[in-house]
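Notes follow the structure.
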Amino acid sequence: MAARLIFLGRLEDAAGASEREVACGPLAEILATLDPALAVQLLGERVRLALNGVLLAEAGGVVLADDDELAFLPPVSGG
Amino acid sequence: MAARLIFLGRLEDAAGASEREVACGPLAEILATLDPALAVQLLGERVRLALNGVLLAEAGGVVLADDDELAFLPPVSGG
Amino acid sequence: MRDVRLLDLGFDPSLELERFTAGHPQAGGVVSFLGQVRQGEGVEALELRHYAPLTLPGMRALADAVLARWALDGLLIVHRIGVMVPRDPIVLVAAAARHRRDAFAAADFAMDHLKSESWFWKREKTSDGWRWIEPRDEDRRDLARW
Amino acid sequence: MRDVRLLDLGFDPSLELERFTAGHPQAGGVVSFLGQVRQGEGVEALELRHYAPLTLPGMRALADAVLARWALDGLLIVHRIGVMVPRDPIVLVAAAARHRRDAFAAADFAMDHLKSESWFWKREKTSDGWRWIEPRDEDRRDLARW
């Protein structure tokens, strides 16, 4: 029973890896198990979330089930 | 002692040739020797003139000397 | 009509453009944009990362939006991912149309949206190491034109 | 930097573009426009006539005006004259620039002026024979944008 967090762009550097396996459950509880500095970055207001490939309008209320993939998408680079 | 008239685009069809050798002298006198229907087309208000490769602001007062080349340039085709 | 590709290996932009043009003989004009890794500013390498579940679907949706907005005979979008070095092609967009103005506008629009809205993250390697590239205000201004 | 040519024989646009791009490795982007003889509207041949004392000098002056107006690394203008058949390339304009927007605007401007102000006269051959092409209102409108 595990889910995956995916870190894109500079969030990968902050996380030290491109993905991490986590226990299922509410996102708020999962984030509480991470390094606080990383959790703050993941919740930055310009970071978008995609659950199983679908963009979310907001992070509130997300609960990860088995095999879910939650991606953290910082602003794209442009230029 | 001769000059050349050069006919571009549809004026070539009207003249039946891409160029014609003419006697030197004032342009008005030269045009009077041509077929009147052609002369009218050559003096059309959208036809530009170039004397020896230099665009003229107006046709009035042009006098052709030996070896001069006077080109009649209808509107370009675009598109 | 719509050819959208995400490539993790190099490509030959002139061959792509030749094929695209040959495939649209009824089009009077083809406008293309080729973006390449710049040489000569101390950048040794450039890496583009993407997020597979979003990036290609997003590019296809962009292509559909372009085709719906302008009268095109064809639209090509080819984008690299992975590590590139100076002079490597990064992106090729080409629009074939009966009328020149449609082809110009479509390619311009596609590039503005690819650059600022597609799911690519870019980092550059200089003698100081790798550095992530942040969004640019210029890209947001470009987008506001449409 | 400025490469302006008038050709009475066919040319290979993809080879021209490849050379042009390779010659400007410091440019981030290259925008090109390729115009070709359309296939499929009953046009069997197209002929472009020019007036040598004016046409190439005029194209060079246009190139200088473009280079003065936008920050470009290079500008290519290649134009055919003579008789062409469907799918033959007629004109290739390419602008290389550090910034995408400059390259788009420069190529667009160059094409608008080439089409409406350069000394080319065009006729088309269909099953009815040859017919001279008159100026189009659309070209005058395109020019008025600048």
Side-chain angles (χ1 to χ4, degrees), chain C residues 12-41 43 46 73 85-112 114-116 136 138-139 141-142 145, chain D residues 12-41 43 46 73 85-112 114-116 136 138-139 141-142 145:
Chain C
D12 179 343
S14 66
L15 183 64
E16 293 289 349
L17 196 54
E18 189 174 337
R19 284 181 183 159
F20 178 73
T21 302
H24 297 96
Q26 75 286 17
V30 174
V31 170
S32 74
F33 175 85
L34 171 65
Q36 60 184 355
V37 183
R38 281 192 202 102
Q39 188 170 59
E41 291 172 20
V43 174
L46 180 152
D73 292 306
V85 297
R87 310 184 73 151
D88 278 353
I90 306 170
V91 56
L92 175 67
V93 164
R98 180 178 167 80
H99 297 293
R100 189 170 78 244
R101 186 120 325 286
D102 290 327
F104 267 107
D108 196 3
F109 177 97
M111 278 309 306
D112 278 354
L114 265 179
K115 285 285 187 175
S116 54
R136 304 183 312 163
E138 190 180 329
D139 292 314
R141 282 197 304 273
D142 286 344
R145 300 186 306 134
Chain D
D12 179 343
S14 67
L15 182 64
E16 292 289 349
L17 197 55
E18 188 173 337
R19 284 181 181 158
F20 177 75
T21 302
H24 298 95
Q26 76 284 19
V30 175
V31 170
S32 74
F33 175 84
L34 170 65
Q36 60 183 356
V37 184
R38 280 191 203 104
Q39 187 170 60
E41 291 173 20
V43 174
L46 179 152
D73 293 304
V85 297
R87 309 183 74 147
D88 278 353
I90 306 170
V91 55
L92 175 67
V93 164
R98 180 176 166 82
H99 297 295
R100 188 170 78 243
R101 186 119 326 285
D102 290 326
F104 268 107
D108 196 2
F109 177 97
M111 279 309 306
D112 278 354
L114 265 180
K115 286 284 188 176
S116 53
R136 303 183 312 164
E138 189 181 330
D139 291 314
R141 282 197 303 274
D142 285 346
R145 300 185 307 133

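Protein chains get the first letters and strands the later ones, always in sequence-line order, with residue 1 at the start of each.
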Tell me, for [X] versus chain C, whether the close heavy atoms (under 4.5 Å) come from the side chain, the backbone, both or neither.
X: D/Pro25; answer: both
X: D/Leu34; answer: both
X: D/Ala103; answer: neither
X: D/Val37; answer: backbone
X: D/Ala107; answer: both

Heavy-atom proximity to chain D below 4.5 Å, by part of [X]:
X: C/Ala96; value: neither
X: C/Arg145; value: side chain
X: C/Asp142; value: side chain

Could you tell me whether the side chain of C/Gln36 and the main chain of D/Val30 form a donor-acceptor pair under 3.5 Å?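 Not confirmed, C/Gln36 side chain does not pair with D/Val30 backbone.
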Hey, could you give me the CZ/CZ distance between D/Arg98 and C/Arg38, rounded to the nearest 0.5 Å?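 Atom-to-atom, D/Arg98:CZ and C/Arg38:CZ are 4.0 Å apart.
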Which one wins on heavy-atom pair count under 4.5 Å against chain C: D/Ala94, D/Gly28, D/Ala95?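 Counting heavy-atom pairs under 4.5 Å, the top option is D/Gly28.
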Under a 4.5 Å cutoff for heavy-atom pairs, which residue among D/Leu17, D/Val31, D/Asp108 has the most contacts with chain C?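 Sorted descending by pairs with chain C, the first entry is D/Asp108.
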Tell me whether D/Arg100 is salt-bridged to C/Asp112, with the criterion being a basic N under 4.0 Å from an acidic carboxylate O.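 Looking at C/Asp112 together with D/Arg100, the answer is yes, because their closest N to O distance falls below 4.0 Å.
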With a 4.5 Å limit on heavy-atom distance, are the side chains of C/Arg101 and D/Arg141 in contact?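 Sidechains of D/Arg141 and C/Arg101: no contact.
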Within the 4.5 Å heavy-atom criterion, are C/Thr21 and D/Arg87 side-chain neighbours or not?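 No, too far: nothing below the 4.5 Å cut-off.
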Who wins among C/Ser32, C/Pro86, C/Gly29, C/Pro13 for the most heavy-atom pairs under 4.5 Å with chain D?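 The option with the most such pairs is C/Ser32.
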